Amino acid sequence: MISARLRGWTVAAGAAGSVLLVALVGLSGPSAAEPYIGPPTPAPPWFRPVHLPDPAVTVMLWTAAVLGCAAVVVGLRLVRAGRPPSPARLVAGGALAVAVLVVVPPVGSTDLMDYAAYGRITDTGHSPYTTTPYRLARSGDPVARLSSHAWRHKTSVYGPAGTAAQWLASRAAGASAARTVWWLKLENALAFLVVALALDRLTAANRARRARAHLLWTLNPLMLWAVVAGGHIDGLSAALAVAGLWALRAAGRRPLAAGFCGGLLLGAATAVKAPFALLAAGGAWSWRRSPRTLLMGAAGMLLAIVPGYLLAGGTAIESVVDRGRRMSRSSPWHLGSELAGGRPPAWVVTWGALLLALALAAVFARGLPAEPPEVPGVRLALAFSLAWLISSQVYYPWYETMVFSLLALMPASRADVLLVVRGGIAALGNIPGVSDRLRPAWLDGLVTHGVLPYLVPSGLLAVGLALVVMAARRTWTPDLPGPSVLGAPGPSGSGAPGTGPSGVNSHGSRAGARS
């Protein structure tokens, strides 16, 4: 049997190897996985163009995804065995990884170039909901000219708060795309660390829960890649949403203040990216027994959402709705369209996804284990988020930030590994992430038009079905051996004798009613 010490080194080596491979791709300059951000400068992001060939970039990132998944799975097995890695070391490792990845150009996506263009559009006095990057690029703007081909003719699909963050980065950087990217990456790195801090404080009472939270987020290479290396705005939404759930802890002592602050933060997360309204719905459920708290929470949410959309105008809402009508390559809906030989009408997919999401939300709401009492609303928020991710026709690997930030607060279970595997499959399907045409032809056939476009959505669908079956059969219960690993009741003293804060006893059976 492999010793706990050796397994701990395996976690460290796997995570470090994954992060370093992603950083090496970033440092190597523009490639099939890295957009062009302009010439190198003394300031970050730092890189030296070496023109890595497409096969090398692809293999490096595939290896990074596999190593990252393996590291997290081994760490979770250590937690399950009652020998969790040191939370302090996990935090230190995560902070070091953030410091490494934040100073290299974006890897695996062109989204940051589009964020930069939308921020520049706003900074020049136009609306990103009516002005496209192409229109600004025609005037010779150096930032808009580097926007991606896929989004050059499209307006922004992000909320007013997301636009404000993009504008701040553009305001700080001026007419430099590289500096704008740096400020955007810095915003996302800080957001990533805010989530890590919130998770650390919410699980501080128990070493195993704390270690698991940092494995699923702080030292999870998939999350580091999505939020810090890729710079996706989902990290900002996750930071605001988790901070909102953190604020709701005080609902028992200061219900009105907690409701307002929680609603304000959850509303701000929604105003960055609309799907995070699902987390706000979970928070609202936790207020249901207190009309005054519910009212204050609603007031906070409205204050965070309504003024921004009033300033942005109706086109901002139209852009969000239009985004929901599209279909991404990793979506099971796309797989069905390919197998059927044609895409169904947009309204069929839209309404089908919505009805499926509602059905899956009901299944997960019944089948998930009870939430820890110190994190009200997280259970339903996770149920809604999983239902949306599995059923949505628009899906990318960085959308998993919503799930992992919530999963880290729930009781450990067999589903942890399934969700890590799901995240790894999604990452593999998005590699290399920038170039639409790879060389040589066999690689393009494998990645873009051949095997992976079928394998990846099939794998995601299979894992999604496994999660649905677990929830439907109500076997999604903590599988840890005892309360010392599950966690002792916190200061609130909730939970029946012999149970952890999740309301689940050491044999995995439910204690008391579900929330």
Side-chain angles (χ1 to χ4, degrees), residues 8 11 15 72 75-95 191-220 223-224 238-252 258 262 265 279 282-283 286 368-382 385 401-413 415-417 419-420 477-495 499-504 506 515:
V11 174
V72 177
L76 292 174
R77 289 180 64 85
L78 285 173
V79 174
R80 185 180 186 276
R83 299 174 179 177
S86 165
R89 291 180 180 177
L90 294 175
V91 171
F192 185 89
L193 294 174
V194 166
V195 176
L197 174 62
L199 294 178
D200 188 80
R201 293 301 85 204
L202 287 167
T203 58
N206 182 267
R207 174 188 170 96
R209 286 188 61 207
R210 189 177 169 213
R212 173 178 170 271
H214 290 305
L215 283 167
L216 290 172
W217 181 267
T218 314
L219 199 62
N220 183 346
M223 294 297 98
L224 286 160
L240 292 166
V242 173
L245 295 175
W246 190 5
L248 291 176
R249 289 192 314 163
L265 289 165
L279 278 67
S286 69
L368 289 176
E371 66 190 19
E374 67 270 20
V375 197
V378 68
R379 180 174 173 273
L380 274 186
L382 180 59
S385 300
T401 55
M402 179 187 293
V403 166
F404 278 94
S405 59
L406 298 171
L407 182 69
L409 295 170
M410 288 290 289
S413 74
D416 289 355
V417 171
L419 286 164
V420 171
T477 53
D479 62 350
L480 298 181
S484 63
V485 180
L486 280 172
S492 61
S494 57
T499 67
S502 62
V504 181
S506 60
S515 60

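Counting from 1, the numbers follow the sequence of the chain as shown. The shown structure was predicted, so the numbers you read here are calculated from the model rather than taken from an experiment.
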Considering all heavy atoms, the nearest E371-V378 contact: OE1-N, 3.2 Å

Within 6.0 Å of CZ in R207, more than 12 heavy atoms from elsewhere: yes

Sorted by chain and residue number, the side-chain contact (heavy atoms from CB on, under 4.5 Å) partners of L193 (sequence neighbours excluded) come out as V98

List in chain and number order the residues that pass side-chain contact (heavy atoms from CB on, under 4.5 Å) with A415, two or more places apart in sequence or in another chain; answer none if no residue qualifies. S413, L467, M470, W476

Closest approach of A239 to V195 (non-hydrogen atoms, all atoms of both residues): CA-CG2, 3.4 Å

Measuring only between side-chain heavy atoms, which start at C-beta, is V194 closer than 4.5 Å to W246? no

Between R212 and D416 (salt bridge meaning N to carboxylate O under 4.0 Å), is one present in this structure? yes

For the CG atom of L409 and the CG atom of L216, what is their distance to the nearest 0.5 Å? 9.5 Å

Can a donor-acceptor pair be found, under 3.5 Å and without considering hydrogens, that links the side chain of W217 to the backbone of F192? yes

Return the minimal non-hydrogen interatomic distance between M223 and T401, and the atom names on each side. SD-CA, 3.7 Å

The side-chain contact (heavy atoms from CB on, under 4.5 Å) partners of L90 (sequence neighbours excluded) come to P85, A211, H214, L215, L219

Do the side chain of R210 and the main chain of A205 share a donor and acceptor less than 3.5 angstrom apart? no

Got a sec, which residues hit side-chain contact (heavy atoms from CB on, under 4.5 Å) with A381, two or more places apart in sequence or on another chain? L279, L406

Looking only at heavy atoms, which two atoms of T218 and V91 are closest? And how far apart? CG2-CA, 4.2 Å

In short, V242 meets S405 closest at the heavy-atom pair CG2-CB, 3.8 Å

What are the two closest heavy atoms between P376 and L245, and how far apart are they? O-CD2, 3.8 Å

